[in-house]
Amino acid sequence: MDKNEFLDILRSQLSGQMPEGQLNTHIQYYRNYIEERMQSGNSESEVMRELGDPRLIARTLLDTETGANAPYSDAGSAYEQKSGSERVKQKSFKLDFSTWYGKLLAILIAAIALVILFVLLGILIPIMVVAGIIIYLVRFRPRQ
């Protein structure tokens, strides 16, 4: 597989799955990456072997998309230019409710909130009923 075939497959896998501007940013990133690696002495086939399957890369990009419109900026998971062509992936945590674990976390938080609510109501309702009975008896008891 050559660079153009790699980029074509990547584009076809991402097309229609994300905004065109973001798609073009990803394609441009990989085009630049391949060209930089080739300029630093690697052959095209070595770079392609290093990158792997463009379908897997596309799936990973779609699965990890956090809604940031600048995938290679300082927001979220970003790539930072280091000396030469070395790239370091920075990790930061963002709660993303579009992933399965984000949805699971939201459900767990809601369940915990409901349990706490029911426990508090289970404690407060009997206290309020007893207080209401006592107030009723004190207020409306016959006077001697």
Side-chain angles (χ1 to χ4, degrees), residues 1-38 40 42 44-143:
M1 175 181 316
D2 67 353
K3 174 180 82 170
N4 291 330
E5 185 179 356
F6 177 91
L7 295 173
D8 288 343
I9 292 171
L10 186 61
R11 179 177 295 281
S12 70
Q13 293 295 309
L14 296 175
S15 183
Q17 302 289 322
M18 63 176 51
E20 192 68 27
Q22 194 171 359
L23 181 143
N24 290 333
T25 303
H26 287 298
I27 298 298
Q28 188 61 43
Y29 169 80
Y30 282 99
R31 177 179 288 117
N32 291 343
Y33 178 83
I34 293 166
E35 290 171 0
E36 286 175 10
R37 297 289 290 155
M38 289 172 59
S40 65
N42 296 79
E44 187 175 33
S45 62
E46 288 174 329
V47 177
M48 294 301 105
R49 193 169 40 255
E50 178 185 302
L51 284 172
D53 186 4
R55 291 168 196 84
L56 180 59
I57 292 172
R59 181 78 275 157
T60 303
L61 289 171
L62 292 170
D63 287 347
T64 59
E65 183 178 319
T66 60
N69 289 331
Y72 304 112
S73 68
D74 288 336
S77 177
Y79 289 91
E80 183 180 286
Q81 181 72 30
K82 293 288 184 185
S83 62
S85 62
E86 176 187 347
R87 301 209 188 267
V88 176
K89 185 173 183 180
Q90 299 174 333
K91 293 195 176 223
S92 65
F93 179 76
K94 285 190 176 183
L95 186 56
D96 184 8
F97 292 110
S98 67
T99 61
W100 68 268
Y101 50 85
K103 292 174 185 172
L104 178 64
L105 185 60
I107 291 170
L108 287 175
I109 290 171
I112 290 170
L114 285 173
V115 167
I116 291 171
L117 179 67
F118 286 133
V119 167
L120 288 175
L121 287 175
I123 293 170
L124 290 177
I125 288 177
I127 291 173
M128 292 174 64
V129 168
V130 169
I133 291 171
I134 291 172
I135 291 172
Y136 177 79
L137 291 176
V138 168
R139 198 163 215 215
F140 295 109
R141 72 177 179 168
R143 299 202 178 204

**OP:** Provide the closest heavy-atom pair for L121 versus P126 in the form atom of the first, atom of the second, distance.
**Re:** O-CD, 4.0 Å

Original post:
Are E20 and R11 within salt-bridge range, i.e. N to O under 4.0 Å?
Top reply: yes

Original post:
Which distance, rounded to the nearest 0.5 Å, do you find between the CG of L14 and the CZ of R59?
Top reply: 9.0 Å

Subject >> Verdict with supporting geometry, I57 and D53, side-chain contact (heavy atoms from CB on, under 4.5 Å) >> reply: CA-CA 7 Å; I57 292 172; D53 186 4; over 6 Å; no

Subject >> Short side-chain donor-acceptor distance under 3.5 Å, N32 and Q28 >> reply: yes

Subject >> Heavy-atom neighbours of M1 CE exceed 12 at 6.0 Å >> reply: yes

Original post:
What is the distance from atom CG of L105 to atom OH of Y101, rounded to the nearest 0.5 Å?
Top reply: 10.5 Å

Subject >> Rounded distance [0.5 Å steps], OH in Y29 versus CD1 in I34 >> reply: 10.5 Å

Subject >> Separation of L7 CG from H26 NE2 (nearest 0.5 Å) >> reply: 13.5 Å

Original post:
From I27 CD1 over to D8 CG, what is the distance, rounded to the nearest 0.5 angstrom?
Top reply: 8.5 Å

Original post:
Nearest 0.5 Å, what's the CG-CG distance between L23 and L10?
Top reply: 7.5 Å

Subject >> Working for side-chain contact (heavy atoms from CB on, under 4.5 Å), residues Y33 and E50 >> reply: CA-CA 11 Å; Y33 178 83; E50 178 185 302; 2.3 Å; yes

**OP:** Could you please spell out the steps behind the side-chain contact (heavy atoms from CB on, under 4.5 Å) verdict for M48 and D2?
**Re:** CA-CA 7 Å; M48 294 301 105; D2 67 353; 5.9 Å; no

Original post:
Shortest non-hydrogen contact from G52 to F6?
Top reply: O-CE1, 3.6 Å

Subject >> Residues K3, E35; criterion salt bridge (charged side-chain N to carboxylate O under 4.0 Å, His left out); working and verdict >> reply: CA-CA 9 Å; K3 174 180 82 170; E35 290 171 0; 3.0 Å; yes

Original post:
Is there a side-chain contact between M18 and L62, using heavy atoms and a 4.5 Å cut-off?
Top reply: yes

